[in-house]
Asker: 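One structure coming up, written as structure tokens, with questions to follow.
Side chains are part of it too, since the values below use all heavy atoms of this structure and drop only hydrogens, waters and symmetry mates. For this chain, numbers begin at 1 and follow the sequence in order.
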Amino acid sequence: MPDPREVRAEAMKRFGFGPEAMKQRKVCRVCGATEDAAESFCRRCGTVLPKETLFDLYKVHHLYCPVCDTVVANTARFCPSCGAVLRQPVVTEFRPTKAAL
């Protein structure tokens with residue numbers, strides 16, 4: 001029986017989703033067209049494309065696994081794809097401010 005993770009990764013790649021597909025695309029900041037990551041200029045408007053791929057931009061706003069690049073929920077402690085520990089729980093002490101008293 002095939003590994004479900006491999007099946008999922010292959011399906012995501014085939015349909016243009018997931019980290020591997022996003023690493024292969026850049027987005028023009030002027031017209032929004034997507035281009036191959038190897039391109040330097042937008043074919044639609046001629047603007048110089050950013051060096052960052054779509055995945056690089058996505059990682060700025062989302063939590064991801066540093067081992068396998070899977071995007072994970074902000075509350076995740078373990079990666080659902082590879083099982084890597086994402087972060088240790090942070091214990092904070094509640095201290096009410098004077099305004100709250």
Asker: Could you check whether any side-chain heavy atom of Cys42 comes within less than 4.5 Å of a side-chain heavy atom of Val30, counting everything from C-beta outward?
Answerer: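 Counting from C-beta outward, Cys42 and Val30 never come under 4.5 Å.
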Asker: Show the atom names and distances, to 0.1 Å, of all donor-acceptor pairs under 3.5 Å that link a side chain in residues 15-24 to residues at least two apart or in another chain.
Answerer:
{"from": "Glu20", "atom 1": "OE2", "to": "Lys23", "atom 2": "NZ", "distance (Å)": "3.4"}
{"from": "Lys23", "atom 1": "NZ", "to": "Asp69", "atom 2": "OD2", "distance (Å)": "2.6"}

Asker: State, to 0.1 Å, how close Ala76 and Val72 come at their nearest heavy-atom pair, and which atoms those are.
Answerer: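 Closest heavy-atom pair between Ala76 and Val72: CB-CB, 4.1 Å.
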Asker: Within the 4.5 Å heavy-atom criterion, are Leu86 and Arg77 side-chain neighbours or not?
Answerer: no
Asker: If two hydrophobic side chains count as joined below 4.5 Å and joins carry through other members, does Leu54 share a cluster with Val71?
Answerer: yes
Asker: Examine distances only and state if a side-chain atom of Arg25 and a backbone atom of Thr34 form a donor-acceptor pair shorter than 3.5 Å.
Answerer: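 At least one qualifying donor-acceptor pair exists.
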Asker: Evaluate Phe78 against Val85 for side chain to side chain contact (heavy atoms under 4.5 Å, CB included), listing each step before the verdict.
Answerer: CA-CA 5 Å; Phe78 300 93; Val85 175; 3.5 Å; yes
Asker: Looking at CD of Glu39 and SG of Cys28, how far apart are the two atoms once the value is rounded to the nearest 0.5 Å?
Answerer: 12.0 Å
Asker: Provide the closest heavy-atom pair for Gly32 versus Val27 in the form atom of the first, atom of the second, distance.
Answerer: O-CG1, 3.9 Å
Asker: For Glu10, which residues count as a side-chain hydrogen bond (donor to acceptor under 3.5 Å, both in side chains) partner, sequence neighbours excluded?
Answerer: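 Glu10: no side-chain hydrogen bond (donor to acceptor under 3.5 Å, both in side chains) contacts found.
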Asker: Tabulate below the donor-acceptor pairs under 3.5 Å that side-chain atoms of residues 56-67 make, not counting sequence neighbours, or state none.
Answerer:
{"from": "Asp56", "atom 1": "OD2", "to": "Thr53", "atom 2": "N", "distance (Å)": "2.9"}
{"from": "Asp56", "atom 1": "OD2", "to": "Thr53", "atom 2": "OG1", "distance (Å)": "3.2"}
{"from": "His62", "atom 1": "ND1", "to": "Tyr58", "atom 2": "O", "distance (Å)": "3.0"}

Asker: Rounded to the nearest 0.5 Å, what separation is found between the OG atom of Ser40 and the CD atom of Glu35?
Answerer: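 Ser40 OG to Glu35 CD: 10.5 Å, rounded to 0.5 Å.
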Asker: Can you check whether Glu52's main-chain N or O pairs, donor with acceptor, with Lys26's side chain at less than 3.5 Å?
Answerer: no
